[in-house]
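Have a look at the structure below, then the notes.
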Amino acid sequence: MRGSGSRAAGSDVRRHNLALVLGEVVDAGPVSRAAIAGRTGLTRATVSSLVEELLDAGLLAELAAERGGPGRPANPLQLNRSGPAGLGLEIEVDHVAACVVDLTGEVRAVRRTASDHRDDDPRRALARAAELGLSVAAESGLTVAGAAVAVPGVVGADGVVVRAPNLPRWSGAHLGPELSPLLGGLPVTTANEADLAALAELWFADGPPDAVYVSGGIGVGAGIVLGGQLFRGAGGRAGELGHVVVDPDGPPCRCGGRGCLEQVAGQEALLRAAGAEDLDALPPHVLGGAARALGVALAGAVNLLDVPVVVLGGIYARFGPAFSDDVHARLVERVVHRSDVAVRPSALGAGGALRAAAASVVRERLRSP
């Protein structure tokens, strides 16, 4: 028993040290073995052994030595751009999308196609997403280590879709076990698209550590970042901004309530109010009404959470500075203790959730080499 426990402890230490060495390359690469040893306190021999294991796993690549300096030139190490990749899938009410990112987080292939899922059985949408995902993975030329799917609904810690008002047949769906065999047995995780979009802003756009990210589309969701970490709530239900009531006597919502934000400022509501088929044709009075409703809902969130920044994503990011300024003006009117709330469009546009879904796979691989 003692020998078994000792081996387990030794294995845990090695896994920890592998993650430590890999983390140094993630943070500071390209970096030499000697520099890693100096920063981690590990011996050079230990670092070399760990590096060889990471090279064999395809996680690191060794660059040519830089010559010209004194002594033996070192071979810098960096993340292997040809190593294990992450596949991101996005299933929205009106489209599916897929992308592959490499270990550095760079998008290597991406595609999106229209697909209406309002009254669909989830299995049909999953089949479309899997087909697109396999095609994009092949296009990237990389070996995919796993997949993550972004959906417009509340997702529990177990990966089950708890509630998706705009996809009424999806409640209770466990997407990972359904998708995995369609993707050749890849491990699959599931997450809320607004949460992933908020993480994308943090990971890829130097986003603020405390913010509410608003994802506008047919539905309206929010991702909340506090202290540089995603806040999901006790059951993963935080961020249901689209079902904050902004007009108690307003139109009925798919959630069962009335006057929810997405029935006033969601994509279909805006097009209906304008009698238009294109978001670029929305007149100022319709955009102004959306900004007012969004400001009312966000003021409650800012008053409750004390965040200094609101990031407008999805369709709201394309409405331009005047829309952001209008939302900001509504916040100034209603936020009690903060006169400095910033409102800005997403730096990533509509693709943030998809990229973060794929990146979540490689980030997990890098955390647990």
In one Ile/Leu/Val/Met/Phe/Trp/Tyr side-chain cluster, 4.5 Å: [X], [Y]:
X	Y	result
Val343	Val225	no
Leu312	Val286	yes
Leu199	Val307	no
Phe319	Val212	yes
Val214	Val93	no

I'd like to know if the side chain of [X] reaches the main chain of [Y], judged simply by a donor and an acceptor atom lying under 3.5 Å from each other, with no hydrogens or angles considered.
X	Y	result
Ser140	Ala137	yes
Asn303	Val336	yes
Arg232	Val155	yes

Can you give me the closest heavy-atom contact between [X] and [Y], atom names plus distance?
X	Y	value
Leu261	Ala297	CD2-CB, 3.9 Å
Ala357	Ala148	O-CB, 3.2 Å
Leu87	Leu183	CD2-CD2, 4.2 Å
Gly233	Ala238	N-CB, 3.8 Å
Pro84	Val362	O-CG1, 4.0 Å

I want to check something: taking the side chain as every heavy atom from C-beta on, are [X] and [Y] in contact at a cut-off of under 4.5 Å?
X	Y	value
His243	Cys253	yes
Val264	Leu270	no
Leu59	Val25	no

For His95 and Glu90, run side chain to side chain donor-acceptor pair (under 3.5 Å): C-alpha distance rounded to whole Å, both residues' side-chain angles, the deciding distance at 0.1 Å, then the answer. CA-CA 8 Å; His95 72 265; Glu90 183 177 52; 3.1 Å; yes
CG/Leu179 to OG1/Thr190 distance, rounded to the nearest 0.5 angstrom? 7.0 Å
For residues 27-51, which residue pairs pass the side chain to side chain donor-acceptor pair (under 3.5 Å) check, not counting sequence neighbours?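 Listed once each, the pairs are Arg14-Ser49, Arg33-Glu52, Arg33-Glu62, Thr43-Thr46.
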How are the rings of Tyr316 and Phe323 set to each other: parallel, tilted or perpendicular (split at 30° and 60°)?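 Ring orientation of Tyr316 relative to Phe323: parallel.
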Could you walk me through whether Ser324 and Arg344 pass side chain to side chain donor-acceptor pair (under 3.5 Å), step by step? CA-CA 6 Å; Ser324 298; Arg344 70 188 202 197; over 6 Å; no
Between [X] and [Y], does any side-chain N to carboxylate O distance fall below 4.0 Å?
X	Y	value
Arg254	Glu268	yes
Arg128	Glu131	no
Asp94	Arg118	no
Arg124	Asp119	no

How is the hydrophobic cluster of Val309 composed, in terms of its other members, when Ile, Leu, Val, Met, Phe, Trp and Tyr link through side-chain heavy atoms under 4.5 Å apart, directly or indirectly?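 Via sub-4.5 Å side-chain contacts, Val309 links to Tyr213, Val311.
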Members other than Val162 in its cluster, when Ile, Leu, Val, Met, Phe, Trp, Tyr link by side-chain heavy atoms under 4.5 Å? Val154
Given the rule in the salt bridge (Lys or Arg N to Asp or Glu O under 4.0 Å) test, do Glu139 and Arg108 qualify, once you have shown the distances and angles that lead to the verdict? CA-CA 9 Å; Glu139 180 185 336; Arg108 302 291 290 273; over 6 Å; no
Could you go through the side-chain contact (heavy atoms from CB on, under 4.5 Å) check for Val100 and Val110 one step at a time? CA-CA 7 Å; Val100 170; Val110 61; over 6 Å; no
Listing request: all salt bridge (charged side-chain N to carboxylate O under 4.0 Å, His left out) pairs with a residue in residues 169-189, at least two apart in sequence or in separate chains.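 Sorted result for residues 169-189: Asp121-Arg169.
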Can you list everything that forms a salt bridge (Lys or Arg N to Asp or Glu O under 4.0 Å) with Arg112? Sequence neighbours excluded, please.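 None.
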With sequence neighbours excluded, tell me which residues meet salt bridge (Lys or Arg N to Asp or Glu O under 4.0 Å) with Arg237. none
Test Val96 against Glu92 for side-chain contact (heavy atoms from CB on, under 4.5 Å), laying out the working first. CA-CA 6 Å; Val96 292; Glu92 267 290 354; over 6 Å; no
